Amino acid sequence: MSKHYWLMKSEPDAYGWDDLVAEGEGTWDGVRNHRAANNLRTMEVGDEAFFYHSNVGREIVGIATISQAGLVDPTDPEGKWAAVKVKPVRKLANPVTLKQIKADPELAGIELIKLSRLSVAVITPEEWEHILAMSEG
DNA sequence: GCCAACGTTGGC
DNA sequence: GCCAACGTTGGC
């Protein structure tokens, strides 16, 4: 399987990029949306994900990598929901804001905007490269 | 099986 | 603080 790209949302007040860096590895659990959970199940070790700050900041702040995949959510007593573990890779040179993403016609189809409430979203390789270029440009 | 009511998320 | 979008629940 080829590498997939993702976008994972978190409220920085609850668990932000700095928390992930401080811990070194974070468990992505507590997802109770079927589509988001399905995305979690599709993840493989080595996939990369944008780390997005929702609510406060509303911007992509860094890149994380999937360090463990296919886990059972430890917060689910029934063991039906999925979880993964992630490690920080690097902070973006410049954060890419939701405003920038919305203003860019090339990103009009991005799942982050189309399904704005999804906590784990798909990023296409094209979107990945484009957002990286925005960060560096 | 339909749909109204309600709860949650997250942008503004 | 408000509201739109979406998911879930429950009455019928």
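To find a chain, count down the sequence lines: A is the first, B the second, and so on, and within it residues start at 1. Model, not experiment: these values are computed from the prediction.
- Using a 4.0 Å heavy-atom cutoff across all strands shown, A:Leu118 reaches no nucleic acid atom at all.
- Within the structure, ring-ring contact (aromatic ring centres under 6.0 Å, His included) pairs that include any residue of residues 73-112 of chain A comprise A:His34-A:Trp81 (at least two apart or interchain).
- Between the CG atom of A:Asn38 and the P atom of C:dC6 there is a distance of 18 Å, rounded to whole Å.
- Nucleic acid contact for A:Lys99: none, since no nucleic acid atom lies under 4.0 Å from a heavy atom of the residue.
- Among residue pairs with one or both ends in residues 92-112 of chain A, those qualifying as salt bridge (Lys or Arg N to Asp or Glu O under 4.0 Å) are A:Arg35-A:Glu111; sequence neighbours excluded.
- Atom-to-atom, CG of A:Leu115 to C1' of C:dA4 comes out at 14 Å; the value is rounded to the nearest Å.
- Residue A:Lys102 places none of its side-chain N or O atoms closer than 4.0 Å to OP1 or OP2 of B:dG10.
- Residue A:Glu59 contributes atom CD, which lies 16 Å from atom C1' of B:dC12 at whole-angstrom precision.
- If you measure from atom CG of A:Leu112 to atom C1' of B:dG11, you get 11 Å, rounded to the nearest angstrom.
- Of the charged side-chain nitrogens involved, at least one lies within less than 4.0 Å of a carboxylate oxygen, so that A:Arg32 and A:Asp73 count as a salt-bridged pair.
- Under 3.5 Å, the side chains of A:Asp47 and A:Trp6 contain a donor-acceptor pair of N or O atoms.
- As rounded to whole Å, 6 Å separates atom P of B:dC12 from atom CZ of A:Arg58.
- A:Glu111 places its CD atom 14 Å from the C1' atom of C:dC6, with the value rounded to the nearest Å.
- Under the side-chain contact (heavy atoms from CB on, under 4.5 Å) criterion, A:Val89 pairs with A:Glu48, A:Ile63, A:Thr65, not counting sequence neighbours.
- One interatomic measurement links the two molecules: CG of A:Leu7 to P of B:dG10, which rounds to 11 Å at whole-angstrom precision.
- Residues satisfying the ring pair (Phe, Tyr, Trp, His ring centres under 6.0 Å) test with A:Phe51, not counting sequence neighbours, are A:Trp17, A:Trp28, A:His53.
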Under 3.5 Å, which protein N or O atoms sit close to an N or O of nucleotides 7-9 of chain C? Give each pair with its distance.
none

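- Partners of A:Lys114 under the side-chain contact (heavy atoms from CB on, under 4.5 Å) rule, at least two apart in sequence or in another chain, do not exist in this structure.
- Taking atom NE2 on A:His53 and atom P on B:dG11, their separation rounds to 12 Å, with Å as the unit.
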